[in-house]
Amino acid sequence: MSIYVGNLSYEVTESALNEVFAEYGSVKRVQLPVDRETGRMRGFGFVEMETETEEAAAIDALDGAEWMDRTLKVNKAKPRR
DNA sequence: GTTGAGCGTT
């Protein structure tokens, strides 16, 4: 299972995102996809935690929270197709 | 600025 993190600033880095989520559990993986054509940030990312309990805690704590002057959108990610 | 990649093998 992974977490979707939307409405991110283009200035956010994977390590910065990692630090925020690490407050609620062990971050297993962080990914900030860039547009393959333009090489620009897409404004969202994905985070995987060690357990579903930690993921739920992070989603509950960070969804709707303000970070880097943006209101985060955090929820369970859809499986990649 | 709202759901990732590559695909000839992650």
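Sequence lines set the chain letters: A, B, ... in the order given, protein chains first and strands last, and positions in each chain run from 1. Since the model is a prediction, treat every value here as computed from it, not as a measurement.
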Which pairs, protein N/O on one side and nucleotides 6-10 of chain B N/O on the other, fall under 3.5 Å?
from, atom 1, to, atom 2, distance (Å)
B/dG6, OP2, A/Arg36, NE, 2.7

(Q) I'd like to know whether CD of A/Glu50 has more than 12 heavy-atom contacts from other residues, nucleotides or ligands below 6.0 angstrom. (A)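 More than 12 heavy atoms, drawn from other residues, nucleotides or ligands, come within 6.0 Å of this atom.
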
Q) Counting only heavy atoms not in A/Asp69, do more than 12 sit closer than 6.0 Å to its CG atom? A)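 Not more than 12 within 6.0 Å, no.
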
Q | Of residues 66-75 of chain A, the positions that come close to DNA chain B - non-hydrogen atoms, cut-off under 4.0 Å | A |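 The answer is A/Arg70, A/Lys73, A/Asn75.
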
Q) Residues from residues 9-26 of chain A sitting under 4.0 Å of DNA chain B, heavy atoms only? A)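 Going residue by residue through residues 9-26 of chain A, the ones with a heavy atom under 4.0 Å of DNA chain B turn out to be A/Tyr10.
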
Atom-to-atom span, [atom1] of [X] to [atom2] of [N] - whole angstrom:
{"X": "A/Leu62", "N": "B/dT2", "atom1": "CG", "atom2": "C1'", "result": "16 Å"}
{"X": "A/Asn7", "N": "B/dT2", "atom1": "CG", "atom2": "P", "result": "8 Å"}
{"X": "A/Glu37", "N": "B/dA5", "atom1": "CD", "atom2": "P", "result": "11 Å"}
{"X": "A/Leu32", "N": "B/dT3", "atom1": "CG", "atom2": "C1'", "result": "13 Å"}

Hey, does [X] reach any base, or is it just sugar-phosphate, or nothing, if we go heavy atoms under 4.0 Å?
{"X": "A/Phe44", "answer": "sugar-phosphate"}
{"X": "A/Leu8", "answer": "base"}
{"X": "A/Val5", "answer": "nothing"}

Q. How would you list, by chain and number, every residue that makes a side chain to side chain contact (heavy atoms under 4.5 Å, CB included) with A/Ala16, sequence neighbours excluded?
A.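 By the side chain to side chain contact (heavy atoms under 4.5 Å, CB included) rule, A/Ala16 matches A/Thr13, A/Trp67.
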
Q. By side chain to side chain contact (heavy atoms under 4.5 Å, CB included), which residues pair with A/Glu14, not counting sequence neighbours?
A.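 A/Glu14 satisfies side chain to side chain contact (heavy atoms under 4.5 Å, CB included) with A/Val30, A/Leu32 only.
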
Q. Quick one: does A/Val47's side chain get under 4.5 Å of A/Tyr4's, heavy atoms only?
A.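 Not in contact.
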
Q. Are any non-hydrogen side-chain atoms of A/Val74 and A/Phe21 less than 4.5 angstrom apart?
A.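 Of all side-chain heavy-atom pairs linking A/Phe21 with A/Val74, at least one is under 4.5 Å.
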
Heavy-atom pair with the smallest gap, counting every atom of [X] and [Y]:
{"X": "A/Lys76", "Y": "A/Ile59", "result": "N-CD1, 3.7 Å"}
{"X": "A/Asn7", "Y": "A/Lys73", "result": "CB-CG, 3.9 Å"}
{"X": "A/Met68", "Y": "A/Val12", "result": "CG-CG2, 4.0 Å"}
{"X": "A/Met49", "Y": "A/Ile3", "result": "CG-CD1, 3.7 Å"}

Q | Spacing of the C1' atoms in B/dT2 and B/dG6 (rounded, Å) | A |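 Their C1' atoms lie roughly 23 Å apart.
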
**Q.** B/dA5 to B/dT9 separation - C1' atoms, rounded to the nearest Å
**A.**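 My reading of the C1' atoms in B/dA5 and B/dT9 gives 13 Å.
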
(Q) Going by the rule side chain to side chain donor-acceptor pair (under 3.5 Å), which residues pair with A/Asn18 if we only count those two or more places apart in sequence or in a different chain? (A)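 By the side chain to side chain donor-acceptor pair (under 3.5 Å) rule, A/Asn18 matches no residue at all.
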
Q | A/Gly43 or A/Pro33, whichever maps to the more 5' nucleotide of DNA chain B | A |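 Closer to the 5' end of DNA chain B: A/Gly43.
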
